[in-house]
Engineer: 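There's a structure below that I have some questions on.
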There are 2 protein chains.
Amino acid sequence: MEDQIIKILRKSQLSVTESRRNILEIFIQAGSALAHHDVEEKTSERFDRVTVYRTLQVFMEKGIIHTIPTTENAVLYALCKDDCEEGHHHDNHIHFVCEDCGATTCMDDIHIPEIKLPLGYNALQINMVVNGICAKCKK
Amino acid sequence: MEDQIIKILRKSQLSVTESRRNILEIFIQAGSALAHHDVEEKTSERFDRVTVYRTLQVFMEKGIIHTIPTTENAVLYALCKDDCEEGHHHDNHIHFVCEDCGATTCMDDIHIPEIKLPLGYNALQINMVVNGICAKCKK
DNA sequence: TTAGTCTTTGCAACTTTGTTGCAAAAGGTT
DNA sequence: AACCTTTTGCAACAAAGTTGCAAAGACTAA
């Protein structure tokens with residue numbers, strides 16, 4: 001686990017620091033998307049708010065995490081898959097937000113279907129967020 | 001125009017006040033989605049920030065406007081079509097964000113395609129936001 | 001291992017964004 | 001016009017996000 005974290009940071013040409021290790025670990029363990037607020041709460045040591053902001057920013061730039069837009073007016077961050085690289089994020093999967101447990105997960109297997117845009121319009125990135133009830137909560 | 005505005009407010013059982021007329025007019029004229037900030041800037045008279053917040057909130061509740069989630073960490077508001085009613089918003093169209101001019105528009109004609117979710121998952125609402133270059137900016 | 005350099009962190013101070021309670025003003029009704 | 005109800009603006013907060021700068025930490029090479 002520790003190896004994996006260092007590997008990811010090194011690959012992105014980032015120096016390995018306490019906060020980066022810690023925050024990256026949180027994402028790997030979480031499995032679902034996290035808000036800035038969640039990250040701050042889950043850090044074992046207390047890092048400065050500013051540090052969390054800057055770390056998330058760097059992770060974004062390096063393509064380690066990506067943002068998920070939500071209707072709830074909160075930005076969520078989630079780990080990118082391996083094929084994401086600096087500058088270009090391959091975000092063609094669906095995000096699912098459970099309205100019961102609140103967990104937001106990336107459904108990496110389900111791809112976003114093609115859509116026809118009006119003439120002249122050019123799509124660069126497509127985001128699809130599905131709100132509903134997840135399998136765990138549907139009982 | 002003035003008639004149209006009063007009609008919409010009356011239909012939603014809202015009293016017709018300066019700020020509501022003014023803000024609703026801004027949305028009708030804008031044609032595209034607006035951030036809270038934009039609304040504040042465009043009001044001809046200066047209304048209190050709080051009034052703008054509350055007005056947008058009321059418009060949301062009455063189904064006059066709806067929100068659009070964006071990756072940019074900003075919530076946008078846009079006029080709903082006629083078939084949206086209090087409590088239930090028919091948001092099955094695509095939103096397009098132009099990365100050049102920044103305009104966000106509702107593509108009412110393009111419906112969100114069906115997708116197959118894993119077993120146990122239940123979709124209640126689907127949001128689809130396309131980022132790219134719009135017809136005006138593609139030159 | 002240590003010395004030196006460059007990067008990252010934490011602090012302080014600040015701006016922006018969003019919320020709440022309450023008195024004054026404006027809207028709707030008779 | 002007089003009444004009652006709703007809406008507005010103000011003040012005072014709380015939360016979220018940003019910036020500059022000195023101190024601490026990470027990497028490099030000898």
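We name chains A, B, ... by the order of the sequence lines, and we start the count at 1 in each one. Any value given below was found using the heavy atoms of this structure, including those in side chains, with hydrogens, waters and symmetry copies removed.
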Engineer: Side chain of A/Arg49 only, heavy atoms from C-beta on: which candidate in C/dG18, C/dT9, D/dT18 is closest?
Structural biologist: D/dT18
Engineer: Measure from CG on B/Asp48 to C1' on C/dA23 and round the result to the nearest Å.
Structural biologist: 14 Å
Engineer: Expressed in angstrom and rounded to an integer, what is the separation of A/Asp38 atom CG from D/dA16 atom P?
Structural biologist: 11 Å
Engineer: Would B/Arg20 and B/Ser15 count as having a side-chain donor-acceptor pair, cut-off 3.5 Å?
Structural biologist: yes
Engineer: Working to the nearest 0.5 Å, report the span between CG of B/Leu14 and NZ of B/Lys62.
Structural biologist: 5.5 Å
Engineer: Roughly how many Å is it from CD in A/Glu41 to C1' in D/dA16, rounded to a whole number?
Structural biologist: 14 Å
Engineer: Does B/Arg21 reach a base, just sugar-phosphate, or nothing at all? Heavy atoms under 4.0 Å.
Structural biologist: nothing
Engineer: Check the orientation of A/His36 and A/Tyr53. Use parallel for under 30°, tilted for 30 to 60°, and perpendicular for over 60°.
Structural biologist: parallel
Engineer: Looking only at side-chain atoms of B/Ser15, point me to the closest of D/dT6, C/dT8, C/dC11.
Structural biologist: D/dT6
Engineer: Starting at CG of A/Leu56 and ending at C1' of C/dT9, how long is that distance when rounded to a whole Å?
Structural biologist: 15 Å
Engineer: For A/Glu61 and C/dT8, give me the distance from atom CD to atom P, rounded to whole Å.
Structural biologist: 10 Å
Engineer: So, B/Phe96 versus A/Tyr121, ring centres under 6.0 angstrom or not?
Structural biologist: yes
Engineer: Could you go through the side chain to side chain contact (heavy atoms under 4.5 Å, CB included) check for B/Leu9 and B/Phe59 one step at a time?
Structural biologist: CA-CA 9 Å; B/Leu9 291 174; B/Phe59 283 2; 3.9 Å; yes
Engineer: What does A/Arg20 touch in the nucleic acid at a heavy-atom separation under 4.0 angstrom: a base, only the sugar-phosphate, or nothing?
Structural biologist: sugar-phosphate
Engineer: Where each residue is assigned the nucleotide of DNA chain C containing its nearest heavy atom, which of B/Gln57 and B/Leu14 is assigned the position nearer the 5′ end?
Structural biologist: B/Gln57
Engineer: Give the rounded distance in Å between these two atoms: OH of B/Tyr77 and P of C/dG18.
Structural biologist: 7 Å
Engineer: Side chain of B/Arg54 only, please: which of D/dT8, D/dA16, D/dC27 is the nearest?
Structural biologist: D/dT8
Engineer: Where each residue is assigned the nucleotide of DNA chain D containing its nearest heavy atom, which of B/Glu18 and B/Val50 is assigned the position nearer the 5′ end?
Structural biologist: B/Glu18
Engineer: Starting from P on C/dT8, measure out to CD1 on A/Ile23 and report it in whole angstrom.
Structural biologist: 13 Å
Engineer: What's the closest nucleotide to the side chain of A/Thr55 if the choices are C/dT9, C/dG28, D/dG9?
Structural biologist: C/dT9
Engineer: Taking only N and O in the side chain of A/Thr17, is any of them less than 4.0 Å away from OP1 or OP2 of D/dA26?
Structural biologist: no
Engineer: Just the rounded figure in Å: distance from P of D/dT8 to OH of B/Tyr53.
Structural biologist: 16 Å
Engineer: In terms of side-chain heavy atoms of B/His37, which of C/dT17, C/dT20, D/dC21 is nearest?
Structural biologist: C/dT17
